Trainee: 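Handing you this structure, nothing more for now.
Any value given below was found using the heavy atoms of this structure, including those in side chains, with hydrogens, waters and symmetry copies removed. Note that the structure is a prediction, hence the values are computed from the model and not measured.
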Amino acid sequence: MRGMAGLMLLLLLALSPRGHAETADAKKAPPPRKIRFLALGDAPPFQQEVRDGVRYELEPPEGSVPPREIVPSFGEKEKDQDPGKQPEPIRLNLGRITPPSTIPDGAGLLELRKKDASGDSKPWLSLQRPEHGDLMVLLWRDPRGKSWEQTSALIIADSPDSPGPGGVQMLNLIPVTVGVTLGTEKIALPYARIVTKKPELKQDLPLEVNALSADLKTPGKRFLSTVLAINAGECNRVLIYRADGVSPRTPVKVLILREPIGPAEDAPALPSR
């Protein structure tokens, strides 16, 4: 009988409200926040030299490309950082979104340092991160300084629900309104405001990006004319930015990135052809 009573007691403890609460709390725990980076700009012209009959690629001029690797920190002092939880360096490549990295929840500093810089050195870039949600940080060279030592940035939400399957997310990073035609729809796209469209799936849509007249209605110089493939397993990002190359033919560039929607979250975005 005593054995039976002990068994009943264990069953009662297992089925107690406390056990249910702990299980519910575990289910409610949010997944870790993720952050990705995208550097926008033009690579400098390829340069090489011949030494002893062998061709060697030269390093790009200082400031002409973003740092090869950056390390994020979140406002803590170097002496207070847990050595076992040091963030991994993030490699920046022009025109490619980085794989996701983990960041803490809550608002606060987001400091980016070059890989070899100490934690107490001045950050390469210092931003304020929003309180919640996954993030994407867009980076581009400040046209006034013409160097990646003077970098502009914009943080946007990176939710899997936006753009969503088949969605088209458009963002203009030029401080003037530009004209976008998606299919038959004409859109005046202001600076730094995300516009998302959900066209019908499994179709190709013409896409044009133009300068606009002062009344924001009449299209002017055309910067891009192409076709977007709209598929359920992908989304499209259309990013419009200022050309920063050497003597660019056009002052405006358009980067189109296709991203898989679903399990392949670690796959880098591929430039659209």
Trainee: As a quick check of understanding, evaluate side-chain contact (heavy atoms from CB on, under 4.5 Å) for Q128 and L109, giving each step before the final call.
Mentor: CA-CA 5 Å; Q128 287 289 330; L109 277 175; 3.4 Å; yes
Trainee: Are any non-hydrogen side-chain atoms of I90 and P72 less than 4.5 angstrom apart?
Mentor: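 I90 reaches P72 side chain to side chain.
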Trainee: Side chains of N236 and I230: closer than 4.5 Å at any heavy-atom pair?
Mentor: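 A side-chain contact under 4.5 Å exists here.
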Trainee: Would you give the length of the straight line joining atom CD1 of I35 to atom CD1 of I155, rounded to the nearest 0.5 angstrom?
Mentor: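 The CD1 atom of I35 sits 6.5 Å away from the CD1 atom of I155.
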Trainee: At their closest point, which heavy atom of G220 faces which heavy atom of N210, and how far apart are they?
Mentor: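 For G220 and N210, the tightest heavy-atom pair comes out as O-ND2, 3.6 Å.
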Trainee: Does the salt bridge (charged side-chain N to carboxylate O under 4.0 Å, His left out) test come out yes or no for E185 and K197, once each step is laid out?
Mentor: CA-CA 10 Å; E185 184 177 4; K197 296 295 179 180; 2.8 Å; yes
Trainee: Could you tell me whether E69 and K114 make a salt bridge, using a distance below 4.0 angstrom between a side-chain N and a carboxylate O?
Mentor: no
Trainee: Ignoring hydrogens, what is the shortest heavy-atom contact between G41 and L94? Give both atom names and the distance.
Mentor: N-CD2, 3.9 Å
Trainee: Is there a side-chain contact between T181 and V209 (heavy atoms, below 4.5 Å)?
Mentor: no
Trainee: If you count every heavy atom of other residues, nucleotides or ligands that lies below 6.0 Å from K198 atom NZ, does the total exceed 12?
Mentor: yes
Trainee: Given M170, which of I187, V254, L239 fulfils the side-chain contact (heavy atoms from CB on, under 4.5 Å) condition?
Mentor: I187
Trainee: Between R36 and E259, is there a salt bridge with N-O shorter than 4.0 Å?
Mentor: yes
Trainee: Is there side-chain contact between L255 and Y241, with heavy atoms separated by less than 4.5 Å?
Mentor: yes
Trainee: Are side-chain heavy atoms of L212 and V178 found at a separation under 4.5 Å?
Mentor: no
Trainee: Looking at CZ of R237 and CD1 of I194, how far apart are the two atoms once the value is rounded to the nearest 0.5 Å?
Mentor: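 The CD1 atom of I194 is 8.0 Å from CZ of R237, to the nearest 0.5 Å.
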Trainee: Run the numbers on L257 and I97 for side-chain contact (heavy atoms from CB on, under 4.5 Å), then give the verdict.
Mentor: CA-CA 9 Å; L257 295 172; I97 301 176; 3.8 Å; yes
Trainee: Can a donor-acceptor pair be found, under 3.5 Å and without considering hydrogens, that links the side chain of D42 to the backbone of D244?
Mentor: yes
Trainee: Would a single hydrophobic cluster contain both Y191 and M136, if residues Ile, Leu, Val, Met, Phe, Trp and Tyr are joined by side-chain heavy-atom contacts under 4.5 Å?
Mentor: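 Same cluster: M136 reaches Y191 through Ile, Leu, Val, Met, Phe, Trp or Tyr contacts under 4.5 Å.
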Trainee: Where is the tightest heavy-atom contact between R129 and G106, given as atom of each residue plus distance?
Mentor: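 Residues R129 and G106, closest heavy atoms: NE-O, 3.0 Å.
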Trainee: Would you kindly confirm whether L205 and F223 end up in one hydrophobic cluster when ILVMFWY residues are joined by side chain heavy atoms under 4.5 Å apart?
Mentor: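 Yes, same cluster.
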Trainee: What is the distance from atom OH of Y56 to atom CD of E49, rounded to the nearest 0.5 Å?
Mentor: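 Separation between the atoms: 9.0 Å.
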Trainee: After noting the C-alpha distance and the side-chain angles of L207 and V238, does the key distance pass the side-chain contact (heavy atoms from CB on, under 4.5 Å) rule?
Mentor: CA-CA 10 Å; L207 173 71; V238 180; 4.1 Å; yes
Trainee: Does the side chain of I174 reach to within under 4.5 Å of the side chain of V252, using non-hydrogen atoms?
Mentor: yes
Trainee: Are the side chain of W124 and the backbone of W148 linked by a donor-acceptor contact shorter than 3.5 Å?
Mentor: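 Between the backbone of W148 and the side chain of W124 there is a qualifying donor-acceptor contact (under 3.5 Å).
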Trainee: State whether K34 and D158 are salt-bridged, where the test is any N-O pair (Lys NZ or Arg NE/NH1/NH2 against Asp/Glu carboxylate O) under 4.0 Å.
Mentor: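 No, K34 and D158 are not salt-bridged.
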Trainee: When you measure from the side chain of S73 to the backbone N and O of G75, does any donor-acceptor pair fall under 3.5 Å?
Mentor: no
Trainee: Determine whether a donor-acceptor pair (N or O, by modelled atom type, separation under 3.5 Å) exists between the side chain of R33 and the backbone of G133.
Mentor: yes
Trainee: Looking at T98 and F37, would you say the former's side chain and the latter's main chain have a donor-acceptor pair under 3.5 Å?
Mentor: yes
Trainee: Which pair of non-hydrogen atoms, one from D134 and one from P32, has the smallest distance, and what is that distance?
Mentor: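 It is OD1-O, 4.2 Å.
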Trainee: Quick one: does I256's side chain get under 4.5 Å of L228's, heavy atoms only?
Mentor: yes
Trainee: When you look at CD of E200, are more than 12 heavy atoms from neighbouring residues, nucleotides or ligands closer to it than 6.0 Å?
Mentor: no
Trainee: Closer than 3.5 angstrom, by distance alone: can the side chain of D204 be matched with the main-chain N or O of V227 as a donor-acceptor pair?
Mentor: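 Answer holds: no.
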Trainee: Applying the side-chain contact (heavy atoms from CB on, under 4.5 Å) criterion to R141, which one of S152, S64, P66 satisfies it?
Mentor: S64
Trainee: Indicate yes or no: at least one non-hydrogen side-chain atom of L127 is less than 4.5 angstrom from one of V137.
Mentor: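 Sidechains of V137 and L127: in contact.
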Trainee: Can you tell which of V180, L40, L171 makes a side-chain contact (heavy atoms from CB on, under 4.5 Å) with I240?
Mentor: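 When side-chain contact (heavy atoms from CB on, under 4.5 Å) is applied between I240 and each of V180, L40, L171, only V180 qualifies.
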Trainee: Count the heavy atoms belonging to other residues, nucleotides or ligands that lie under 6.0 Å from CD of E62, then report whether that count exceeds 12.
Mentor: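 No - once you tally the heavy atoms of other residues, nucleotides and ligands closer than 6.0 Å, there are 12 at most.
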Trainee: V195, L216: one ILVMFWY side-chain cluster at the under-4.5 Å cut-off?
Mentor: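 Not linked; separate clusters.
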Trainee: Ignoring hydrogens, what is the shortest heavy-atom contact between L125 and A153? Give both atom names and the distance.
Mentor: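 Smallest heavy-atom distance, with atoms named: CD2-CB, 3.9 Å.
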Trainee: To the nearest 0.5 Å, how far apart are CZ in R96 and CZ in R91?
Mentor: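 Separation between the atoms: 11.5 Å.
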Trainee: Atom CZ in R68, atom CG in L92: separation rounded to 0.5 Å?
Mentor: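 Output value for this atom pair is 11.0 Å.
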Trainee: Take V168 and T196 through the side-chain contact (heavy atoms from CB on, under 4.5 Å) test and state the conclusion after the steps.
Mentor: CA-CA 6 Å; V168 180; T196 301; over 6 Å; no
Trainee: To check you understand the geometry: which heavy-atom pair defines the closest contact between A192 and L154, and what is its length?
Mentor: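 Between these two residues, the closest heavy atoms are CB-CD2, 4.4 Å.
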